[in-house]
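The first residue of the sequence shown is numbered 1, and numbering continues consecutively from there. Keep in mind the model is a prediction, meaning the values are calculated, not measured.
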Amino acid sequence: MAPSLLDLAPVVPVVVIEDAADAVPLARALVAGGLPVIEVTLRTPAALAAIRAVAGEVPEAVVGAGTVLTPEQVTESVAAGARFLVSPGWTDVLLTAMREPGVPFLPGVSTTSEVVALLERGVREMKFFPAEAAGGTAYLRSLAGPLPRARFCPTGGIGPGNAPEYLALPNVGCVGGTWMLPGDAVAARDWRRVETLARAAAGLRDGSRARA
C-alpha cells in the first residue's frame with residue numbers, strides 16, 4: 001500500500017506563485033531542504049503553469065493543487081500534473097469531483113459535524129482550516145477521542161513556533177504553512193534561504209516527538 005500523503009513530510013509548503021518561471025527553482029529548493037510535498041494554490045493566473053512545470057521538471061517533488069473550489073479546477077489541476085488536491089472546504093459536488101481522478105485529496109473542515117459527514121462518506125484524511133482560528137491544537141485534541149479515524153493536515157496560522165505542538169497530536173499527520181517561503185526571499189529569488197528554512201521545517205517532527 002502506498003504511504004499516505006499525510007506521512008510523506010511533516011510540513012507541506014503552501015505556495016503562491018506569481019511568476020511561473022519561479023516554480024521550478026522554488027520547488028528544487030524545497031525538495032533539497034527535505035520538503036518534497038508542495039501545494040501550489042490556485043490563487044494566481046500562474047498556478048496551473050507552475051504545477052505543470054514542477055510536475056515535468058522536478059520529478060522528486062510531489063506537487064499538488066490547493067484552494068480547489070470547483071470541479072473544473074479539479075480537472076484542470078490533474079491535467080496539469082497535480083498529484084493531490086486540497087480544498088479549504090467541501091460540498092458533495094466538489095467531493096465527487098475530487099474523488100474522480102483517483103489522486104489523494106484533502107477536503108477542508110473546521111467543525112465536528114463536517115468531520116463526521118466526511119467519515120460517513122468514507123473520507124478519513126482532511127485539511128483542518130483555518131487551524132488557529134478554528135480552535136487550534138485544543139480543538140484537534142478534543143476530536144481525537146470520539147473521532148479517532150479522522151486524520152488532519154492543519155493549515156492556517158501555523159509557523160515554526162506552534163507546528164511542533166500540532167505534530168505531536170495523534171490525529172495530525174502533517175501541517176501546512178508558508179513560513180519557509182518569506183515574500184522577500186521569493187521576490188529576490190533567494191532559493192538558498194528557502195532551502196535553509198525548508199530544512200529547519202523538515203526537522204520539526206523530531207521536536208514534536210520529544211514534546212509528545
Side-chain angles (χ1 to χ4, degrees), residues 5 8-58 61-70 72-90 94 98 103-108 110 127-134 153-163 166 174-202 204:
L5 179 68
L8 296 180
V11 179
V12 177
V14 180
V15 180
V16 180
I17 295 284
E18 300 289 348
D19 184 346
D22 292 337
V24 167
L26 185 151
R28 286 176 175 155
L30 292 172
V31 170
L35 299 181
V37 183
I38 302 169
E39 175 189 335
V40 177
T41 67
L42 302 182
R43 301 180 192 177
T44 68
L48 290 174
I51 292 171
R52 189 174 296 108
V54 174
E57 299 184 45
V58 193
V62 180
V63 64
T67 321
V68 175
L69 301 175
T70 67
E72 292 75 19
Q73 288 180 325
V74 169
T75 301
E76 293 169 347
S77 298
V78 174
R83 295 171 59 184
F84 65 91
L85 304 165
V86 184
S87 66
W90 67 277
L94 182 57
M98 293 175 80
V103 301
F105 59 92
L106 298 174
S110 60
K127 171 178 178 172
F128 181 60
F129 176 82
E132 283 289 280
C153 174
T155 304
I158 298 177
N162 60 0
Y166 281 92
C174 61
V175 300
T178 62
W179 72 88
M180 72 298 299
L181 297 162
D184 58 340
V186 175
R189 295 177 169 83
D190 187 352
W191 309 128
R192 182 171 297 181
R193 182 179 170 200
V194 169
E195 179 181 340
T196 298
L197 292 169
R199 185 170 291 109
L204 288 175

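- Residue L85 holds its CG atom at 10.0 Å from CD of E39, rounded to the nearest 0.5 Å.
- Expressed to the nearest 0.5 Å, how far CD of E18 lies from CZ of R43 amounts to 10.5 Å.
- Minimum heavy-atom separation, I51 to G64: CD1-O, 4.1 Å.
- Here the straight-line distance linking atom CZ of R52 with atom OG of S77 works out to 10.0 Å at 0.5 Å rounding.
- Applying the side chain to side chain contact (heavy atoms under 4.5 Å, CB included) criterion to C153, with sequence neighbours excluded, gives L6, L106, T155, C174.
- In terms of modelled atom types and a separation under 3.5 Å, the side chain of R83 and the main chain of A61 share a donor-acceptor contact.
- Here L204 contributes atom CG and N162 contributes atom CG; the two are 10.0 Å apart, rounded to the nearest 0.5 Å.
- Across every non-hydrogen atom of W191 and V186, the tightest pair is CH2-O, 4.2 Å.
- To the nearest 0.5 Å, atom CG of residue L42 and atom OG1 of residue T70 are 8.5 Å apart.
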Report the C-alpha separation of T41 and V86 in whole Å, then their side-chain angles, then the decisive distance to 0.1 Å, and conclude whether the side chain to side chain contact (heavy atoms under 4.5 Å, CB included) test is met. CA-CA 9 Å; T41 67; V86 184; over 6 Å; no

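- With rounding to the nearest 0.5 Å, the separation of CG in D22 from CG in L181 is 11.0 Å.
- P25 places none of its side-chain heavy atoms less than 4.5 Å from the side chain of R189.
- At a threshold of 4.5 Å between non-hydrogen side-chain atoms, the residues R193 and D184 count as touching.
- Nearest heavy atom pair, residue A9 against residue P36, reads CB-CD, 4.0 Å.
- Considering every non-hydrogen atom in both A202 and G34, the closest pair reads CB-O, 3.8 Å.
- Taking each heavy atom of F129 and S110 in turn, the nearest pair found is O-CB, 3.2 Å.
- Here the options are V37, V54, I38, V63, the test is side chain to side chain contact (heavy atoms under 4.5 Å, CB included), and the partner is L30; only I38 passes.
- The side-chain heavy atoms of V11 and W179, taken from C-beta on, include a pair separated by under 4.5 Å.
- Residues P107 and S87 come closest through the heavy atom pair CA-OG, 3.3 Å.
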